[in-house]
Amino acid sequence: MTSQGETPQWDETRRSADHARGSVALIFDKSVPGHRGARVPKLDVESPPLAELVPEALCRQEPPHLPEVTEPEVVRHYIRLSLLNHHVDRDLYPLGSCTMKYNPKIHEDLARLPGLGGIHPDAPEESVQGILELLWCFSRDLAALLGLDAVSLHPSAGAQGETLGMKLFRAYHDRQGNQKQTILIPDSAHGTNPASVARCGFRPRQIPSQRDGRIDLAALCEVVDADTAGIMVTNPSTLGLFEKDLGAIAERIHAVDGLVYMDGANLNALMGITRPGDMAVDVVHVNLHKTFTSPHGGGGPGSGAVAVDKKLEPFLPVPLIVKEGERFRLASDRPLSVGRLHPYYGNTGVILRAYAYMLSQGAEGLAAVTRAAIVNANYLMKKVHPIFPVANPETCMHEFVSSLAWTRNHGVKNIDVAKRLLDYGFHAPTVSFPLIVPDAFMVEPTETETRATLDRFAEALSKIASEIREDPERVTSAPHSTYVGRLGEAEAARTLKVRWTVPEQRHA
Ligand SMILES: *Cc1c(COP(=O)(O)O)cnc(C)c1O
């Protein structure tokens, strides 16, 4: 910081060719009261005069009108905004099939380190050896955790991981000369599964679950034939159940030269204890933003890293980070590769958070996380089952699914219970998915919640159950305490209104 007198004027900074050469053109406007200014640092690179870079017609004639606010006002503004929404830093977020509940704050500092967050994706390989090494090491460690041979960090979401998986299946079958079209998918699958399959030109074929919610092995064996290109299985399933027969299923699929894809979005219930590779899985995607702690929501940011068996390694997307001696190289010279999937080499911010988490936990720590996630889910399931019956009330993995069918007799739907929970200070569980459970209500507490929090949540559900019987209108008109009530989310996404108005506080 310098005294005001040395600060370059707005006009000088913008117009003077001298100033533009070898300096960062920053805006310093002495007319703003209280402005203290700063010295413009000299850079030792030659840059053309600013007037050449920015056409005259696009230049401002006046300084921008920035709001004048004090630090406390800025802080209060953002705190107020943050309170308009429910989020993990306020209270329990028991959304099922999402595993995104723990976001260590130190990760934000790590991912923003200038040498990591500040580098340009086009920077020459030689100048980014550090991050290439981190990505390479993470790929190696993730492959070990999953019991597979190679990893691609390119996919930016679970769904993109599935897409890559299907592209790898396609490349493998083409190479084998196989004309296979059908991919089997259990009826409890996440909607992205059949979508990814269809997008890659395969035909999804649904296979039924048995009464206990697991894949029906006998029904599966009947439909496997020469046209079976593979299967896509979520393990544990979206019902929170471990697919005990996956080994036998894989054997049947491999017998017709099919491949096994595991949707690993629920790895939170397996890591450190068992490995997809040991269940004869050929390809698995992991939602790093779910299982490995990245704040996400509303569509991103994400990473759907994919791990593969060695027979699929040649097909992985380029560039692949390879280690040659002590150097790391972005290898694109891979003739069998499915090509590029991501403009650069993955969503590195999310990947770095994931690696920080993996290293800070260690193998023992990750297994402890898994055990705690399973214990929490089973503790809560026992408390919730008498209130809202659980579809498959045997020991669950990291989540369980209740059916809210009985509340319909009182004119109350699962979405009403979800909205009423907001008045009790909780986010709702996932509702109406998986499709095979009527009026599904899917709860995933995760490992980081305390017993006291789980008790409060069960208590809130118990109160809502009483309201449903005594005063159902209170539930169907919820939420009563939030700034906005029931938003038409699909419409809001299509006809976006970006004008800011201060909403009036609603009262319970
Ligand atoms: C979240 C999820 C996906 C899709 O992952 P995205 O990152 O949202 O694309 C796929 N399968 C299951 C079981 C999931 O929970």
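In listed order, ligands and their atoms are each counted from 1. Quick note: numbers below take in every heavy atom, side chains included, and nothing from hydrogens, waters or symmetry partners. Just so we're clear, the structure is a prediction, and the values are computed from it rather than from any experiment.
- The two atoms that bring His385 and Val390 nearest to each other are ND1-N, 2.8 Å, heavy atoms only.
- In this structure Lys311 satisfies the salt bridge (Lys or Arg N to Asp or Glu O under 4.0 Å) test together with Asp282, Asp309, sequence neighbours excluded.
- Considering only residues two or more places apart in sequence or on other chains, Ser332 meets the side chain to side chain contact (heavy atoms under 4.5 Å, CB included) condition with Val318, Pro319.
- For Tyr424, the ring pair (Phe, Tyr, Trp, His ring centres under 6.0 Å) test picks out no residue, with sequence neighbours left out.
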Within the protein, flag every N or O under 3.5 Å from an N or O of ligand 1, and note the pair and distance.
unit_1	atom_1	unit_2	atom_2	d
ligand 1	5 (O)	Asn287	ND2	2.9
ligand 1	7 (O)	Gly158	N	2.7
ligand 1	7 (O)	Asn287	ND2	3.1
ligand 1	7 (O)	His289	NE2	2.9
ligand 1	9 (O)	Gly158	N	3.3
ligand 1	9 (O)	Ala159	N	2.8
ligand 1	11 (N)	Asp263	OD1	3.4
ligand 1	11 (N)	Asp263	OD2	2.5
ligand 1	15 (O)	Ser97	O	2.8
ligand 1	15 (O)	Ser97	OG	2.6
ligand 1	15 (O)	Lys290	NZ	2.8

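- Aromatic ring pairs are classed by plane angle as parallel below 30°, tilted from 30° to 60° and perpendicular above 60°; the pair Tyr102 and Tyr357 is perpendicular.
- Between His190 and Phe433, the ring center distance clears the sub-6.0 Å criterion.
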